[in-house]
2 protein chains.
Amino acid sequence: MVTLKQLSKELGVSISTVSKALSDSFEISERTKKKVLALARKYNYRPNNVAVNLRAKSTKTIGVIIPNIFNHFYTKILSGIEQEAKRNNYKVIVSISNETVSSEKEGISFFSNGSVDGILLAPSEETEKLGNYKHISALHQKEIPFVLFDRYSEKLNSDKVIINDFDSAKKTVKYLINKGREEIVVVSLIKHLSVGELRKKGAFDASKKITLLEFEKEEELEEAFLKLIKRKRIDAVLALDELSGIITLNIARTVAFKIPEELTIISFSQGVLSEYSYPKLSTINQHAKEIGENSVQLLLTRLKNKEASYKTRIIKTALEIHQT
Amino acid sequence: MVTLKQLSKELGVSISTVSKALSDSFEISERTKKKVLALARKYNYRPNNVAVNLRAKSTKTIGVIIPNIFNHFYTKILSGIEQEAKRNNYKVIVSISNETVSSEKEGISFFSNGSVDGILLAPSEETEKLGNYKHISALHQKEIPFVLFDRYSEKLNSDKVIINDFDSAKKTVKYLINKGREEIVVVSLIKHLSVGELRKKGAFDASKKITLLEFEKEEELEEAFLKLIKRKRIDAVLALDELSGIITLNIARTVAFKIPEELTIISFSQGVLSEYSYPKLSTINQHAKEIGENSVQLLLTRLKNKEASYKTRIIKTALEIHQT
DNA sequence: TTGAAAGCGCTAACAT
DNA sequence: ATGTTAGCGCTTTCAA
C-alpha cells in the first residue's frame, strides 16, 4: 500500500501538502492538487484505515454479537444491520455466541479494546437462563455504547429494539377465537428465552383455556403433541417458535389432519423452514430486517449523543395467513 | 479507555516501563511489575487495538465476502470461518455481496484500505455469469492476499477451497444406478454457477440417459417437473441444489409418489430445509464448516509466506441416505 | 500556498 | 532496572 510519505517524496512536496490536496483543501493550488491527484490515482492510493482510525479515535466499525447464525431470524437481522451500517459508512464485525455465556463474554472482550465504536447485542439463551447480565452492563463502565436487540432484560438499562411479543401473541389467539377455533394449543421450544415468556403470557392473556406444551427438546415436544392429539380434539396451534411450528405441522400430517380446514397452525417465525414447508405455515412475521436496521440507527444516534436518555424501539409483527 | 500514558502518569514511571511490565519483560523488576499490573487491573486496561495494529502493520482481521447470507450453506461456512479465525486470534469482518458484482466490488474496496490482512471470497452469481474477474484479480496488484472458497474460475490464479462437485455428482448417479434406478432426472436452479456446471457434467459422466430439468425460476422448474412426471415414469431425482430438492419433493408428494420406495430423491444440500423436510431428504453433505475452516487456514498460511505457490484444497462430500 | 511539528497509543531499539 | 526516542500513517494547527 502506498503512503502519503511515498507520494510526497515522489512529488517533491511535503506530506501535509499531499494530505490537504487529497482532501481538496482550499489552501492548496489547483496545479498542485492536479499533480497529487494524478499520482494518487496512478498508485491507487487509499488512506490507511488503521492510521485514520487512530488519529480520529473512532473506527467506524460496529461489533455485533449474535446468539446463533443458523437461525434465519438472526441472519435476517444481521443482513439488516450490515446494510444499514454500510449505508452509513460503517463496517461490521461479527461474533457468534452460540447461545453460550462464555462465547458472549469472549465476544465482548474481543470488542472492548477499541476495535469497535459500539456494540449490538442479543443476549445468549444461557445468559437469559442464568439471569446474569453483569458482563453486559460492564460495558457501561468501559464507556462502550451498546444496543440490545430482540432479547433484553429489565436488569439492563440500555437502548433496545424489540418486538411486541406479548401483544402479537395475544392478538393471534384472539384471531383464532374469532375464527371459531375452540381448542387452542400453544407449543414452544423456547422456554428459557425472554421472548418465549412474553409470548406465552400474551397468549394466556387472550384466553385462559389454552393447552400449553413447552419443552426443551424436540423429541419431548413431538411425543407430547402426538399423545395430546390422540387424546383429544384440537383445532388450532400457536407455535411460539418456528421449529415447534414445523414439528407440529409434520406430526399433524402423519395423523392425517386436514390443514388448515381441521387444524390451523400459526407460528412465530421468519424462516425458510416455514416458507418451504408443505403446506405453507401461517406465520407471525417479525420483520427481522427492520430490527437490524433500527438497531444500527439507535447505536449511531447514541454515538452522536452519549448522554441522551435510553430509547426503546418496538417493531410491530404482522400476521401472515397462508393456505386458508 | 485508559492508556499507557495515564497509567504511567499515575504510577510516576515512564510509558515504556509500563508497556514492558505489562508484557512481563525481564527488564522490569518484580516490584514494579506488581504495581503496574495492579493498577492496570484496577482500570481494566486493554491495549488499544488500533494503535497496536498501526504499529504492527497488521490488523489480525480477515475480510469475508459472501454471496448470500440466507443460504444455510454459506452460513455454515461463515460459522466455520469465524471459529477458526477466533481460534487463531483473528477477527472477522463480513461483507455480503447479495450475488451482485456491484456489492462485491464495494466489499473489496471496503477492505482494500488496510482494514484487513487478507480476504476470503466466494464470487457472486453475477460475477460468474459475466465471467469478469478483474476486480478480484486486482487484489494481486494491491498485494492483498485472498482465498477463494466454494466458487472459483480458471481465470483466477489463487489459493482456493472447493468441493469435488464433479466426482460427487458422478458417484451419486452411479449409486442410484446400482440401486436399480433407471429413470433418473437431474433438477437444478443453479444453472449459472460454476458448481452447477460441474455437478451436471459429473452426473452425465456417469450416465448419458439422464433427463435434465434446469431453470432459473422456481415456478418454471415446478411446472416442468409436474409435466414430466405426468408424462413418464421416473424413479430417481438428483437435485443439484437444495431448493430444487425441496420443490421436487413437495411436488412428488402432491401426486402421491411413495418416497423413497417409488422415487429416490437425493439433493446437494447443507440445509435446514432438507433436515426438516418431510420425509427427510437424502443429501450430499458438503461439509460447509470445513470449507470455512480450511479457507482460514489457507489464508493464514499465505500471510506467513506470500511467495509460496497457490494451493487448492478439495473438501470431500458425503452421501447421506435417509428414510431408505 | 506550502511546510514543520505535534500527537493519536503503542512497541522496541537504544541510551542511561 | 528504568527512561528516551523514534516511528507506524494520518490530520491539523501553527508558522513561514
Side-chain angles (χ1 to χ4, degrees), chain A residues 1-37 39-40 43-61 89 91 111-117 142-144, chain B residues 1-37 39-40 43-61 89 91 111-117 142-144:
Chain A
M1 287 213 349
V2 210
T3 65
L4 287 184
K5 201 176 179 180
Q6 290 165 287
L7 292 181
S8 74
K9 201 170 166 193
E10 185 159 341
L11 288 163
V13 295
S14 76
I15 294 180
S16 58
T17 301
V18 179
S19 172
K20 286 171 186 168
L22 287 172
S23 55
D24 201 24
S25 161
F26 68 96
E27 298 178 68
I28 306 296
S29 72
E30 286 305 320
R31 248 187 89 248
T32 313
K33 276 187 194 169
K34 276 217 176 99
K35 273 200 315 190
V36 171
L37 243 69
L39 197 70
Y43 287 135
N44 206 338
Y45 170 80
R46 311 239 13 217
N48 181 306
N49 200 244
V50 177
V52 172
N53 289 346
L54 179 61
R55 163 87 223 205
K57 289 194 158 209
S58 110
T59 60
K60 289 278 193 179
T61 303
N89 230 341
K91 284 182 283 294
F111 290 156
S112 300
N113 58 4
S115 297
V116 301
D117 292 351
K142 296 183 193 159
E143 292 181 29
I144 301 175
Chain B
M1 287 211 353
V2 210
T3 65
L4 288 184
K5 201 175 178 180
Q6 290 165 286
L7 292 181
S8 74
K9 201 170 164 193
E10 185 159 343
L11 288 162
V13 295
S14 79
I15 294 179
S16 62
T17 300
V18 179
S19 171
K20 286 171 186 166
L22 288 172
S23 56
D24 201 23
S25 160
F26 68 98
E27 298 179 68
I28 306 296
S29 71
E30 287 306 320
R31 248 190 88 249
T32 314
K33 276 187 196 170
K34 278 218 177 96
K35 274 200 315 191
V36 171
L37 243 69
L39 197 70
Y43 287 137
N44 206 336
Y45 170 80
R46 312 239 14 218
N48 181 309
N49 200 243
V50 177
V52 172
N53 289 345
L54 179 61
R55 163 86 223 208
K57 288 195 161 212
S58 110
T59 60
K60 290 280 196 176
T61 302
N89 230 339
K91 284 181 283 295
F111 290 157
S112 300
N113 59 3
S115 297
V116 301
D117 292 351
K142 294 182 193 161
E143 292 181 26
I144 301 175

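The sequence lines fix the lettering, A, B, ..., with proteins before strands; numbering per chain opens at 1.
- Under a 3.5 Å cut-off, the side chain of Asp117(B) and the backbone N or O of Thr59(B) do form a donor-acceptor pair.
- Taking atom CG of residue Leu4(B) and atom P of nucleotide dG7(C), one finds them 17 Å apart after rounding to whole Å.
- Separating the NZ atom of Lys60(B) from the P atom of dC10(C) is a distance of 18 Å, rounded to the nearest angstrom.
- Among the nucleotides dT2(C), dG9(C), dA12(C), the one closest to any side-chain atom of Ser16(B) is dA12(C).
- Taking atom NZ of Lys33(A) as the reference point, atom P of dT2(C) lies 10 Å away to the nearest angstrom.
- Backbone-only contact: Thr32(B) has heavy atoms under 4.0 Å from sugar-phosphate atoms and none from a base.
- Contact annotation: Lys57(A) side-chain N/O to dG9(C) OP1/OP2 distance is under 4.0 Å.
- Contact of the Tyr45(A) side chain with the Leu4(A) side chain is registered, since non-hydrogen atoms from C-beta on lie closer than 4.5 Å.
- Among the protein residues, Ser19(A) comes within range of the nucleic acid bases, having at least one heavy atom under 4.0 Å from a base atom.
- Between the C1' atom of dT2(C) and the NZ atom of Lys34(A) lies a distance of 19 Å, rounded to the nearest Å.
- Within the 4.0 Å cut-off from OP1 or OP2 of dC10(D), at least one side-chain nitrogen or oxygen of Tyr45(A) is found.
- Looking only at atom types and distance, the side chain of Ser23(A) has no donor-acceptor partner in the side chain of Ser25(A) under 3.5 Å away.
- Closest heavy-atom contact between Ser115(B) and Lys91(A): OG-CE, 3.8 Å.
- A sub-4.0 Å separation between OP1 or OP2 of dT1(C) and a side-chain N or O of Lys20(A) is absent.
- Along DNA chain D, the nucleotide nearest to Arg31(B) and the one nearest to Glu27(A) differ in position, and the one closer to the 5' end is contacted by Arg31(B).
- Under 3.5 Å, the side chains of Glu10(A) and Tyr43(A) contain a donor-acceptor pair of N or O atoms.
- Protein atom CG of Leu7(A) is 12 Å distant from nucleotide atom C1' of dG9(D), rounded to whole Å.
- To the nearest angstrom, C1' of dG9(D) lies 6 Å from CG of Asn48(A).
- The side chain of Ser14(A) places an N or O atom within less than 4.0 Å of a non-bridging phosphate oxygen (OP1 or OP2) of dG3(C).
- Under 4.0 angstrom from either OP1 or OP2 of dG7(D) there lies no side-chain N or O belonging to Lys5(A).
- Nucleotide dA1(D) holds its P atom 9 Å from the CD atom of Glu30(B), rounded to whole Å.
- Counting non-hydrogen atoms under 4.0 angstrom, Val13(B) reaches the backbone sugars and phosphates but no base.
- Atoms CG (Leu54(B)) and P (dC10(D)) sit 9 Å apart, rounded to a whole Å.
- Comparing dC8(C), dT2(D), dG9(D) by their nearest atom to the side chain of Thr3(A) picks out dG9(D).
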